[in-house]
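The structure appears right after this line, and notes come after that.
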There are 2 protein chains.
Amino acid sequence: MPREKSAITPHRSKGRPRTFDRAAALNRALDVFWRRGYEPASVAELCMAMEVNPPSLYAAFGNKAQLFMEAVHHYEKVYWDAAWQLLEEEPDLHRAMAGFFREAARILTSQDAPCGCMVVLGAANVSPDAQDVNDALKALRREGKDCFRHRLRKGVEDADLPSGTDVESLALTLNTVFEGMSVQARDGASQAELERIARTAMALLPARS
Amino acid sequence: MPREKSAITPHRSKGRPRTFDRAAALNRALDVFWRRGYEPASVAELCMAMEVNPPSLYAAFGNKAQLFMEAVHHYEKVYWDAAWQLLEEEPDLHRAMAGFFREAARILTSQDAPCGCMVVLGAANVSPDAQDVNDALKALRREGKDCFRHRLRKGVEDADLPSGTDVESLALTLNTVFEGMSVQARDGASQAELERIARTAMALLPARS
DNA sequence: GACTGTCTGTAGCGAACACTACAGTTATAG
DNA sequence: CTATAACTGTAGTGTTCGCTACAGACAGTC
């Protein structure tokens with residue numbers, strides 16, 4: 001009965017084995033980065049939360065930027081993959097969009113503290129020397145926009161939207177609402193408020209012709 | 001012929017007069033804060049841009065946080081006051097909204113570098129010890145939301161909108177689009193793209209009943 | 001057993017941060 | 001003129017930042 005990951009990752013190589021759970025530590029780091037953002041999260045605070053000393057952190061994750069990227073990756077996988085998949089795979093476009101936004105409202109308010117989406121706000125203010133981190137998040141934001149566009153295009157093909165629909169403008173706008181919801185969430189908007197925003201924005205989708 | 005402010009503010013008090021133009025220095029500071037955000041803008045960089053040494057900065061503006069607040073205040077006054085006034089005073093609601101968003105698209109792309117709105121993104125990631133700065137911006141964001149709500153309510157009273165209009169949801173959503181536009185702008189969206197988003201979002205406004 | 005490689009905690013590196021002590025300068029007040 | 005008060009540049013302050021040198025601990029390999 002092989003397990004994918006034991007609590008303490010087993011070592012088959014030489015050397016002293018790691019004494020902490022890498023996956024658990026990554027989760028703790030994600031929590032800190034999500035709440036604080038990239039730069040305000042200090043390595044000291046990360047170490048505290050991860051219950052690890054700096055040398056162990058650097059040995060396991062490289063440096064702060066790499067740890068952040070890995071945390072974002074994990075964040076996307078744990079929190080958003082299902083939502084994006086729902087958007088893509090639900091056959092009916094209107095239900096797909098409504099479902100995605102409802103899920104987004106849930107995720108954006110799932111933390112006990114209000115922090116919005118890590119991809120949208122996690123590296124909003126960043127020194128010029130950490131520009132690569134911001135660029136990576138920017139690429140992820142672009143992916144989100146592309147998902148909207150792609151799904152809307154499919155909606156037109158499926159005749160869920162009128163053939164004359166301005167897919168490009170609609171994708172841009174829905175993506176803007178989506179990213180705006182992160183700002184709202186960080187300002188303390190409740191799940192119900194975010195759902196209301198989402199439901200209102202759904203009116204932008206033309207009915208089946 | 002009294003001038004409101006001479007290039008070098010005249011002193012009627014004792015002591016050595018200031019040798020730099022306070023207003024001009026504030027403008028330079030605004031520029032730095034706008035591009036970089038609150039925390040990544042270092043006092044050293046601010047001093048460089050303002051052509052002033054640290055002691056002069058602190059004597060004239062208090063500290064970094066106060067300088068930032070004053071810069072934000074100035075930013076609001078110079079860039080946004082006219083837009084909010086247009087929103088409030090243009091009699092026709094649909095024209096008021098469209099005008100405001102068109103103006104917003106212009107302002108958000110007016111800098112040579114993409115940076116979005118200072119109120120929305122200027123202190124997005126901030127250490128816990130600068131929380132008061134974030135709180136102040138949050139209050140300004142709330143004001144914006146209230147402006148939308150107030151204007152929409154007036155629109156219903158003026159019969160520019162149907163009497164059954166859900167003003168609250170509409171205000172929340174338009175404000176979300178507005179704040180989302182800042183994220184788009186920082187990601188490099190052009191004025192034309194922002195206008196397209198705005199025009200698309202305008203479809204949320206019900207026609208005169 | 002000796003050898004080797006990786007992880008561990010301690011302790012501290014240089015750099016950058018926001019901010020200021022201080023002495024000198026230049027204005028007004030009396 | 002002297003005294004006082006505000007601003008000036010130089011040259012720092014203490015703190016925090018991300019990161020690491022180092023020595024000891026612990027594993028597999030021979």
Side-chain angles (χ1 to χ4, degrees), chain A residues 6-26 29 32-33 36-71 123 125-133, chain B residues 6-26 29 32-33 36-71 123 125-133:
Chain A
S6 74
I8 299 196
T9 311
H11 261 259
R12 293 274 158 264
S13 66
K14 292 211 290 190
R16 179 175 176 175
R18 184 177 288 130
T19 58
F20 64 93
D21 182 345
R22 194 182 186 279
L26 182 61
V32 173
F33 276 131
R36 293 239 182 280
Y38 175 64
E39 290 211 317
S42 71
V43 172
E45 188 179 1
L46 288 163
C47 284
M48 191 89 74
M50 298 162 81
E51 297 183 270
V52 147
N53 287 314
S56 298
L57 188 157
Y58 283 87
F61 297 101
N63 59 23
K64 185 184 174 184
Q66 289 176 44
L67 173 58
F68 178 76
M69 304 295 286
E70 199 167 332
N125 298 128
V126 106
S127 338
D129 58 307
Q131 200 53 47
D132 50 340
V133 168
Chain B
S6 74
I8 298 195
T9 311
H11 262 259
R12 293 274 157 262
S13 65
K14 293 211 286 190
R16 178 176 178 177
R18 184 177 288 129
T19 57
F20 63 93
D21 182 346
R22 194 181 186 281
L26 182 60
V32 174
F33 275 131
R36 292 237 182 281
Y38 175 63
E39 291 212 315
S42 72
V43 171
E45 188 179 0
L46 288 163
C47 284
M48 190 90 74
M50 298 162 80
E51 296 184 90
V52 145
N53 287 315
S56 299
L57 188 155
Y58 283 87
F61 298 100
N63 60 24
K64 186 184 174 184
Q66 289 175 44
L67 173 59
F68 178 76
M69 304 295 286
E70 198 167 333
N125 298 128
V126 104
S127 340
D129 58 308
Q131 200 52 47
D132 51 340
V133 168

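Just so you know, these numbers come straight off a predicted model, no measurement behind them. Naming convention: chains lettered A, B, ... in sequence-line order (proteins, then strands); numbering from 1 in each chain. Values below: all heavy atoms of this structure, side chains included; hydrogens, waters and symmetry mates excluded.
- At D/dT8, one or more side-chain N or O atoms of B/Ser56 fall inside 4.0 Å of OP1 or OP2 (strictly under the cut-off).
- A distance of 10.5 Å separates CE in B/Met69 from CG in B/Asn63, rounded to the nearest 0.5 Å.
- Remark: B/Asp129 CG to B/Glu39 CD distance equals 7.0 Å, nearest 0.5 Å.
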_Using a 4.0 Å heavy-atom cut-off to protein, can you give one letter per nucleotide of nucleotides 10-15 of chain C, 5' to 3': B if the base is in contact, S if only the sugar-phosphate is, - if neither?_
B-----
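- Annotation: the span from A/Tyr58 atom OH to A/Cys47 atom SG amounts to 7.5 Å, rounded to 0.5 Å.
- Look at A/Tyr58 and you'll find a side-chain N or O under 4.0 angstrom from OP1 or OP2 of D/dC19.
- Shortest non-hydrogen contact noted between B/Arg36 and A/Asn125 is O-ND2, 4.0 Å.
- Taking the ring centre of B/Phe20 as origin, the terminal cationic atom of B/Arg22 falls outside the region bounded by 6.0 Å and 45° from the ring axis.
- For the atom pair CD of A/Glu45 and OG of B/Ser127, the computed distance is 10.0 Å after rounding to the nearest 0.5 Å.
- Atom CG of B/Asp129 and atom P of C/dC19 are 10 Å apart (whole Å).
- Counting to the nearest Å, the C1' atom of C/dC17 and the CG atom of B/Leu57 are 14 Å from each other.
- Computed from coordinates, the A/Glu51 CD to C/dT8 C1' distance equals 15 Å when rounded to whole Å.
- Atom-to-atom, CG of A/Asp132 to P of D/dG18 comes out at 15 Å; the value is rounded to the nearest Å.
- The side-chain heavy atoms of B/Leu67 and B/Leu26, taken from C-beta on, include a pair separated by under 4.5 Å.
- Not one side-chain nitrogen or oxygen of B/Arg16 sits closer than 4.0 Å to the OP1 or OP2 atom of D/dT8.
- Put simply, B/Thr19 has a side-chain N or O that comes within less than 4.0 Å of OP1 or OP2 on D/dT8.
- D/dC17 atom C1' lies 17 Å from atom CZ of A/Phe68, rounded to whole Å.
- At the heavy-atom level, A/Ala65 lies nowhere under 4.0 Å from the strands shown.
- Geometric assessment of A/Lys64 against the ring of A/Phe33 yields a negative cation-pi assignment under the 6.0 Å and 45° thresholds.
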Do any N or O atoms of the protein come closer than 3.5 Å to N or O atoms of nucleotides 2-4 of chain C, and which pairs are they?
none

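- For the pair B/Arg18 CZ and D/dG9 C1', the interatomic distance rounds to 16 Å; values are reported in whole Å.
- Nucleotide C/dT20 holds its P atom 16 Å from the CZ atom of B/Phe61, rounded to whole Å.
- If you measure from atom CD of B/Glu39 to atom P of C/dC19, you get 11 Å, rounded to the nearest angstrom.
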